[in-house]
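Report on one structure; see the data block that follows.
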Amino acid sequence: MIPPEPPPPTLRLRVDGEALAGNWRALDALSGSASAGAAVKAQCYGLGVEACVPALRDAGCTRFFVAHWSEVAAVAEHVPSSSIAVLHGVINGSEIEYARASGAVPVINSIEQAQAWSESGGGTCHLMVDTGINRLGAGMDELASNAVQDLKVDMLLSHLACADEDSSRNQHQLKLFREALGRVPHKQASLANSAGIALGPEYSFDVTRPGLALYGGVPRLELASQIAPVASIQAAVLQVREIEAGEAIGYNGEFVADSPMRVATVSIGYADGFLRSRGNGACLVAGGLPCPVLGKVSMDMIVINLKNAPDLAVGDWVDVPFDLPDAAQQSSVSQYELLTTLGRRLRPST
């Protein structure tokens with residue numbers, strides 16, 4: 001028996017492909033003589049490969065960066081696999097085999113990875129050099145090793161640790177990266193992420209790797225006028241009720257009504273990325289008017305005050321504010337986490 005089609009979801013995630021393409025074009029222009037690639041890891045920061053990668057491709061992007069090998073196939077449905085770089089590199093034989101079979105390019109991160117790649121037949125790869133973030137990457141003192149020198153490096157990369165701050169570490173990493181460029185034969189160089197692009201053209205080299213800013217995040221104020229919101233979220237009303245003074249709402253009864261109230265239960269919660277830390281002081285929006293969140297955010301639901309929207313009914317839609325800089329400031333949740341914690345029930349559409 002073929003199961004019936006499920007009813008429409010009570011959550012909506014809309015991805016504005018034109019805004020996404022516009023953000024890429026803006027970041028590409030800000031990259032000067034360099035070309036902007038695109039970090040599309042983690043399902044394009046939670047917004048969905050199917051919605052985002054074609055828009056980036058059609059805007060002119062030709063370089064795509066993922067973290068895991070498991071992310072390659074979905075991206076390769078829309079762009080050549082040779083344009084995909086896998087940042088975690090190859091840590092075992094099965095990943096090396098998959099790299100060769102898929103055509104995606106590993107980013108080598110250590111002498112051990114370099115040796116394993118060469119021993120398996122070598123070929124084109126990228127190389128990450130650590131210039132101070134101490135996360136992934138070959139050390140500066142390892143670049144002269146035979147294992148590294150034997151690599152056929154297409155792109156030499158490093159990653160800025162403090163690009164979203166006015167930190168002396170940025171200049172220090174830039175200096176070390178320039179030194180690395182003279183130590184390893186390569187065709188292209190890449191250092192700047194979204195925030196790094198805003199630091200100026202000296203950080204751009206040949207390829208920049210924006211991520212957050214593509215999807216509407218603003219890691220530095222210099223980018224604020226260039227970046228447009230990409231995602232918008234709506235959730236449906238599940239129930240409307242009247243409560244009396246003294247009644248509590250939600251877990252632990254943290255909110256207690258001081259007068260009779262009309263409230264609505266809405267189909268979104270922390271399993272959908274609306275974390276509990278966003279509850280206090282947050283509002284959803286109905287008809288352009290704020291509806292404050294009451295009590296704790298539940299896994300699948302929140303309750304809102306309908307004082308400003310008394311006619312809201314079951315099945316109606318409310319807007320969930322998703323301007324990333326504003327939401328981050330209000331909730332103390334980083335813009336990166338606001339995007340990447342979106343739950344699987346929020347299926348993107350353009």
Side-chain angles (χ1 to χ4, degrees), residues 5-23 42-52 55 214-218 227-241 249-250 262-331 333 335-350:
E5 285 292 316
T10 53
L11 284 168
R12 293 173 176 167
L13 169 62
R14 289 196 171 96
V15 175
D16 187 336
E18 291 185 5
L20 175 60
N23 288 345
Q43 283 284 315
C44 292
Y45 285 48
L47 299 187
V49 166
E50 297 80 5
C52 296
L214 290 172
Y215 310 110
V218 181
I227 300 302
V230 170
S232 59
I233 296 172
Q234 290 184 314
V237 173
L238 300 174
Q239 189 176 58
V240 175
R241 69 194 323 142
I249 289 177
R262 185 173 175 82
V263 301
T265 302
V266 179
S267 178
I268 192 169
Y270 57 72
D272 310 300
F274 197 96
L275 305 179
R276 280 191 171 180
S277 55
R278 292 190 68 187
N280 294 330
C283 295
L284 303 192
V285 178
L289 297 173
C291 297
V293 175
L294 305 174
K296 283 186 175 179
V297 176
S298 300
M299 184 173 178
D300 314 297
M301 297 168 283
I302 57 177
V303 178
I304 59 173
N305 187 341
L306 294 188
K307 180 179 179 180
N308 293 329
D311 296 329
L312 205 66
V314 171
D316 288 345
W317 294 92
V318 292
D319 296 313
V320 181
F322 205 61
D323 180 279
L324 291 172
D326 287 350
Q329 185 176 34
Q330 184 273 324
S331 65
V333 177
Q335 297 177 63
Y336 298 91
E337 291 170 304
L338 287 168
L339 278 169
T340 58
T341 56
L342 292 175
R344 294 186 178 182
R345 292 183 296 213
L346 280 159
R347 297 183 177 180
S349 61
T350 54

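This chain uses plain numbering: 1 for the first residue, then up along the sequence. This is a predicted model, so every value here is computed, not measured.
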Is the shortest side-chain heavy-atom distance between [X] and [Y] below 4.5 Å?
X: P229; Y: F322; answer: no
X: D16; Y: S232; answer: no
X: L47; Y: L339; answer: yes
X: V230; Y: L214; answer: no
X: R262; Y: L312; answer: no
X: L238; Y: S267; answer: yes
X: L13; Y: R347; answer: no

Identify every side-chain donor-acceptor pair in residues 297-309 under 3.5 Å, counting partners at least two apart or on other chains, and give the distances.
from : atom 1 : to   : atom 2 : distance (Å)
D300 : OD1    : R345 : NH1    : 3.0
D300 : OD1    : R345 : NH2    : 2.8
N305 : OD1    : K307 : N      : 2.9
N308 : ND2    : P290 : O      : 2.8

Residues in ring pair (Phe, Tyr, Trp, His ring centres under 6.0 Å) with F274, at least two apart?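 F274: no ring pair (Phe, Tyr, Trp, His ring centres under 6.0 Å) contacts found.
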
In Å and rounded to the nearest 0.5 Å, what is the SG to CG distance from C291 to D319?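 Answer rounded to 0.5 Å: 10.0 Å.
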
To the nearest 0.5 Å, tell me how far Y270 OH sits from K296 NZ.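 Answer rounded to 0.5 Å: 9.5 Å.
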
Between Q335 (side chain) and A327 (backbone), is there a donor-acceptor pair under 3.5 Å?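 Answer holds: no.
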
So does I227 get a backbone contact from the side chain of N23, meaning a donor-acceptor N/O pair under 3.5 Å?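 No.
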
